Amino acid sequence: MSTFILLTLTGLGLAALYFLVASGLSLVFGLADVLNFAHGLFLSVGAYATWWAAGHLPGAGPTGFGFVLAAAFGVVAGAAVAALVELVLIRPLYSRTIEQVLVTVGLSLAGVALLQATWGADPRPFPRPEWTRGVTGIGGANIPNASLLLVLAAAAVLTLLLLFLRFTRVGLVIRAGVENREMVTALGIDVRKAFTLVFAIGGAAAALAGALGGVYLGSVSPAQGGSLLIFAFIVVVIGGMGSVVGSAYAAVAVGLLQQFVNYYGTAGLGDICVVALLAIVLLVRPQGIAGRAVTA
Amino acid sequence: MTQAVSAEAPPAATPPELAPPRRRLAAFAPLVVLVVAVLLPYSTLPLPGLFDGALNKPGNLQILAVCLVFGGLAASYDLLFGRTGLLSFGHALYFAAGVYGTDVLVTHAGFPLWQAAVFAVVGSTILAALLGAIALRTAGIAFAMVTLAFAQVGAILVARDFGGLTGGEEGLPLASDGLPDFLLGVANTVNLYWLALAYLAVVVLVVSRVAASPTGRVLAGLRDDERRVGVLGLDPYRYKLVAFTLAGGLAALGGVVYLLVVGGASPHVTSSELTLSLLVMVVLGGPGTRWGPVLGGILYMYLDHRLTSLSADLPGPLGQPLFVLGAIFILAVYFFPGGLASLRTRIAPLRAALKRSPTS
Amino acid sequence: MTEPILKVDDLSVRIAGLHILQGVSFTVAPTGVTALLGRNGVGKTTTLRAIVGLTPRGGEVSGSASFGTVDTLRTPTHRLVRAGLGYVPEDRCVFAGLTVAENLRLAERPGAAPAYDRVFALFPELAKRAKQRAGTLSGGQQQMLAIGRVLLADNTLLLVDEPTKGLAPKVVTEVAEALEAVAEEVPVLLVEQNLAVVRRLARDAVVLAAGKVAWTGAASRLLGEPELTKALLGVGSAGVHA
């Protein structure tokens, strides 16, 4: 029983990481039709900015409130880089989908190389606040606090995102834009402003994933974002592109499946099962579990 | 509507006897280049700055062979991307299936090389057909994501080393007992070079034959506007699957040659970075053209090699070959949308203008 | 003759290599309804979409369309709409996942009071169904929402694309009545297949054929001569009196 609880909660921790990356990816895709290969870079930026801030930013530090400040710095950096990428690189290419993909591919190659050139290819030890190194007993299982932190953070982000989409004017524009971008402009709204915002939100969520993922793994390396990105893509496709709630369901399914199969089967088998799940979903429901709607 | 589709046929379809003399000469140019490439290993010409030592040194020939394989591989990828408009991020999977399939069959199962190669290529082609059948249920960006996910399974299988077959991170050196003598030893590197050249020629031939065929015109129609092909009563799905399967088979063949050239399999051939770099090669070279992707592939691999050996001396991010390539790539998308192949059309008016000016 | 509110001049549109419009020129009067007519596939919807700047990706547009001092072909869609060019698309295009109230709220403009009174006076049904998802409305209700959404702001010209398409006869009458009321305040460029509706609403008519303007004149004249109607629109006079 305790193993079951442990696997469930660590699986949910993994799911939280996927959700944080996938939600932004999904919104960006749903609204702006951009497949963002540089999204993994936003995660790495968040991780490295947090790591840097913990050591250098006045007031920030590796533990306690200092770490919160460092992570906040990381999140802001991720959002800023994402908004900048949208404004400078993506915007001139709107409605040219393939070129946008190409530019984000180039950016992901160059960005990771840039991080490598600056801080080296080897993993760096990441600051781990006191509390996250401990465990919490739940139902007889000792759950790593870092996992719990991830789950709580993802739940908070999910709630905030849904509130934002439901109750703000920009949220309304985003929901409508995911459904039919053209009609939003035909109502006199400059939908491109929403694109920048969605990029920034996605960048912030990915950067948070980078900071908390660093805590969870205990280290940070330039290629981390890229390997997570593939599973985030799978989550986005399974969940239905443009759907935040769909991403959440899909992230939970993928995280749990991976954790359980990797534990009870051979290591690596879980990853393969995830791709099999993707194939099944595509055969049964090519539009993903939530179709193409942003909230339902 | 039929007219509009057939208008996409490549201009190379003009019969040589109708073409002006300059064009007729141009038609022979590839043949001349091929002959030069075949004779290249007899040259002891040193090219300082481009290669270390004489051109026909085994080390240089091996680099050239790798470049040629990637030229062919890029051309096979262009069958999907440039000719059919399918953005696959999983092309590395079929290449890797060729590499590892052959290697495992020779090294672990003791098959003779040719048998292992046939099994690996046929198996990879079937794999491409099966996975293509699933992935093509989606379109556009979702297709890209799904092919990426499938290829990731290949990367995981290789990295986890199930049953000790693949050697995991270490890779799997090719056992030499199953190989014919003429492919063994440093002195025979020249044979590997010719093998790679033959592979490149086969891919170029197959791709340009397909592109000029009625099927190729349908593929071009799919790339430009899928609805139009649907209107003609043709099933886009089938044509796309044919292109996907054929491209997968050609990539697997390239995998076999690559395995022989480098003498073993290493996990980087399964990585998504490999597919991304194929995309870079095709875009830099010029998608949907006969020679663009080939040139892009050769140039990319050469630059990759040179930058890696040069980069140690360069400061900061310039020391990272991927940074330079990524930056070149981004710039190319903005300023150079047709790739290298568009250079000719861009230079042509300039040349014409220059030629006109003395007479006027 | 007063100055036209919209002047389309030599409008050509190419989409995916097909020449859909080949030099279309016509004007829209500053009052009343101008009907844009023609058989299926002659480019009526393409014309409206080109005017409002929503030609599909890869399409090439040339010519000009002057709306006041603005050339609509060179102005982004959202600016045109803010300048008073209302567009009600074909197939209604309401946001199915949003509620009726949200669909309307989306059309509010910052800095201008939304005219909910006008909309609800015309379509009381919309006020009653504010919390319902637009995707669950009937076709007629969706059409009312699509028109109501545009009327929330003040317009100087409305482009309305096939508002009665696929609706039951009783609902067609309701929509026509509503448009009649709207047209008393704002000029309308109307694409419509139902000739009874055209007869009721339109004063002027522009007929397209094979990507060009084939006929312009008074709508009553076009529909009053069965031979002319049949030659231009391919239907007998029976359809006119339905």
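Chain letters run A, B, ... following the sequence lines, proteins first, then strands; residues in each count from 1. All of these numbers come straight from a predicted model, not from anything done at the bench.
Looking at V274(A), there are no atoms closer than 4.5 Å to chain B (heavy atoms on both sides), in backbone or side chain. For chain B, the nearby part of L93(A) is the side chain; its heavy atoms alone come within less than 4.5 Å. Of the atoms belonging to V236(A), it is side-chain heavy atoms, and not backbone ones, that fall under 4.5 Å from chain B. For L102(A), the parts sitting under 4.5 Å from any heavy atom of chain B are the backbone and the side chain alike. Contacts of L278(A) with chain B are made by side-chain atoms alone, with heavy-atom separations under 4.5 Å and no backbone atom involved.
In terms of heavy-atom proximity, V88(A) sits nearest to Y334(B) at O-OH, 4.0 Å. Contact detail for A110(A) and A327(B): the closest heavy-atom pair is CB-N, 4.1 Å. Of all heavy-atom pairs spanning L35(A) and A144(B), the tightest one is CD2-CB, 3.9 Å.
The closest side-chain heavy-atom distance from D271(A) to R160(B) is below 4.5 Å. T138(B) is not listed as a side-chain neighbour of V237(A), based on a closest heavy-atom distance of 4.5 Å or more.
Taking CG of L279(B) as the start and CZ of F37(A) as the end, the distance is 8.5 Å to the nearest 0.5 Å. Atom-to-atom distance recorded for I272(A):CD1 and L157(B):CG is 4.0 Å, nearest 0.5 angstrom. Annotation: the span from M145(B) atom CE to L229(A) atom CG amounts to 8.5 Å, rounded to 0.5 Å. Residue I330(B) holds its CD1 atom at 8.5 Å from CG of L109(A), rounded to the nearest 0.5 Å.
Ranking L89(A), T118(A), L107(A) against chain B, the residue ahead of the rest is L89(A), based on heavy-atom pairs under 4.5 Å.
With ring centers used as reference points, F233(A) lies 6.0 Å or more from F89(B).
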